[in-house]
Protein chains: 2
Amino acid sequence: MANSGKAIPTSVVKRLTRYLTEVQALREAEVEWVSSQELAETLGLTSSTVRQDLSHVDFSGISRRGYRIDGLERVLVDVLGVDTTWNTVVVGAGNLGRALALHHEFSHRGFNICGIFDSDPKKVGVKVGRLAVKGMRELPTVVGEQNVQIGIIAVPDDAAQSVGDLLIASGIHGLLNLSLAHIVAPAGVAVTDSRVVASLLELAHAIKYRR
Amino acid sequence: MANSGKAIPTSVVKRLTRYLTEVQALREAEVEWVSSQELAETLGLTSSTVRQDLSHVDFSGISRRGYRIDGLERVLVDVLGVDTTWNTVVVGAGNLGRALALHHEFSHRGFNICGIFDSDPKKVGVKVGRLAVKGMRELPTVVGEQNVQIGIIAVPDDAAQSVGDLLIASGIHGLLNLSLAHIVAPAGVAVTDSRVVASLLELAHAIKYRR
DNA sequence: TAGATTGTTAATCGATTAACAATC
DNA sequence: TAGATTGTTAATCGATTAACAATC
């Protein structure tokens with residue numbers, strides 16, 4: 001059947017992003033149906049996990065056939081908010097911040113980069129694609145006037161919390177934190193961490209102690 | 001007491017990277033001792049989790065005082081392999097690949113970028129810091145001759161597996177996957193995913209359904 | 001029809017938290 | 001000493017997997 005209404009655990013949401021990617025690839029390959037077993041094999045999961053996960057979204061498969069690609073894509077797009085345009089700002093115009101502001105995958109998925117900011121006066125005015133780097137003082141105005149919902153924090157660790165605080169005070173709804181720092185935010189503001197350096201340390205550990 | 005020898009669960013390893021970051025910040029602030037309670041508050045955990053986690057590393061705290069910063073840093077550096085130099089290549093010279101190749105945080109943590117590669121002939125030869133982009137054909141030689149252990153995959157999703165296969169065939173020990181694709185690798189090769197676009201989708205979901 | 005695949009319940013597994021004796 | 005904090009065991013909680021009746 002499939003339920004809806006209740007909150008979906010983050011462990012499940014993480015996998016839903018992967019199902020969406022795979023389902024979109026299948027749709028582009030003009031595949032019409034996919035079974036839990038096929039999805040599981042492609043993504044390195046069990047079919048049981050796939051069926052459990054999909055029971056959290058409001059969409060049903062059909063016995064002996066599996067899930068219709070177009071319907072499954074539609075419901076995953078909905079639940080992951082990819083059908084919405086998300087106005088987004090990047091704070092930090094270093095290598096990483098500039099790369100993210102230019103990342104095509106973001107605009108392609110509905111994340112509209114409205115501005116890139118840096119506290120370094122030497123960086124202010126520098127062009128990043130069609131945008132020019134702005135000073136931090138302009139951040140609250142841009143967030144307020146352009147209805148910006150998401151802030152991407154790409155600054156050094158020791159500046160991350162104060163940047164987060166400024167974004168929150170400006171009325172942001174969610175933060176994507178790329179720094180290694182832990183960001184404290186009130187309950188109404190969502191924070192997701194994406195720490196590439198931490199992932200590299202995990203990998204170094206896995207290599208060092210692999211058997 | 002503290003154990004060693006047994007494999008550490010990845011859930012724990014993820015947090016060890018955060019303890020290391022925090023402990024290094026404390027050491028720079030010339031703090032000498034930290035308790036499980038203090039670490040827990042800073043990182044948004046329970047003190048029980050911190051003590052459980054630290055029981056996986058070969059280091060003991062002291063009652064009524066906590067953990068010595070210098071010793072704790074040393075053992076975390078060891079277990080996360082930060083005391084080693086990791087020769088690393090980046091595959092994909094798009095915005096993200098170039099940014100990672102230039103990311104100071106990497107070299108700072110012992111990840112030595114030995115090369116950046118792209119399949120697009122127009123990108124070959126372009127300078128990225130002190131490196132010039134090389135063609136894919138040169139990848140196996142560089143990996144073999146320079147004892148490269150880590151490959152960072154920053155290519156479009158549909159090229160990710162074949163890039164992974166080439167790196168594996170060249171003798172890589174671990175892959176950091178930034179694409180949304182699922183990478184299949186033999187047991188001896190570690191794979192860690194760091195998907196910034198997926199994190200952004202998780203954030204969009206959290207904002208859309210927040211209460 | 002026969003049988004492959006779903007949705008869901010129950011069982012297992014693993015991770016987190018609570019509790020507390022040991023101890024500095 | 002008194003009491004704060006560790007290390008560890010036991011309890012709880014949540015996530016994954018197995019199993020299977022329902023069904024197309």
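Numbers restart at 1 for each chain; the letters A, B, ... are given by sequence-line order, proteins then strands. This is a predicted model, so every value here is computed, not measured.
- Distance CG (B/Leu72) to P (D/dT6): 11 Å, rounded to an integer number of Å.
- Considering every non-hydrogen atom in both A/Ser199 and B/Thr192, the closest pair reads O-CG2, 3.6 Å.
- Spacing between atom NE2 of B/His56 and atom P of C/dG14 amounts to 12 Å, rounded to whole angstrom units.
- Using modelled atom types, one finds a donor on one side chain and an acceptor on the other under 3.5 Å when comparing A/Ser47 with A/Arg51.
- Nearer the 5' end of DNA chain D, as judged by each residue's closest nucleotide, is the contact made by B/Val34, out of B/Val34 and A/Pro9.
- The aromatic rings of A/Tyr209 and A/His205 sit tilted relative to each other, their planes meeting at an angle between 30° and 60°.
- Nucleic acid contact for B/Ser36: sugar-phosphate only, since backbone atoms but no base atoms lie under 4.0 Å from a heavy atom of the residue.
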Base-contact (B) and sugar-phosphate-only (S) positions in nucleotides 16-24 of chain D, heavy-atom cut-off under 4.0 Å, - elsewhere: SBBB---BB
Side-chain donor-acceptor pairs of residues 85-94 of chain A under 3.5 Å, sequence neighbours excluded:
| unit_1 | atom_1 | unit_2 | atom_2 | d |
| --- | --- | --- | --- | --- |
| A/Trp86 | NE1 | A/Gly81 | O | 2.7 |
| A/Asn87 | OD1 | A/Asn112 | ND2 | 3.0 |
| A/Asn87 | ND2 | A/Gln146 | O | 3.1 |
| A/Asn87 | ND2 | A/Asn147 | O | 3.4 |
| A/Thr88 | OG1 | A/Trp86 | O | 3.0 |

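- Rounded to whole Å, atom C1' of D/dG7 lies 16 Å from atom CD of B/Gln37.
- With hydrogens and angles left out, the side-chain atoms of B/Gln24 and B/Glu28 include no donor and acceptor closer than 3.5 Å.
- Atom-to-atom distance recorded for B/Asp193:CG and B/Leu178:CG is 9.0 Å, nearest 0.5 angstrom.
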Pair assignment for DNA chain D - dot-bracket with | for other-strand partners, Watson-Crick or G-U under 3.5 Å: ..||||||||||||||||||||||
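- Side chain of B/Thr46 to main chain of B/Thr49: a donor-acceptor pair is present (N/O by atom type, distance under 3.5 Å, no hydrogens or angles).
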Intermediate values then yes/no, side chain to side chain contact (heavy atoms under 4.5 Å, CB included), A/Gln37 and A/Val50: CA-CA 8 Å; A/Gln37 181 59 45; A/Val50 173; over 6 Å; no
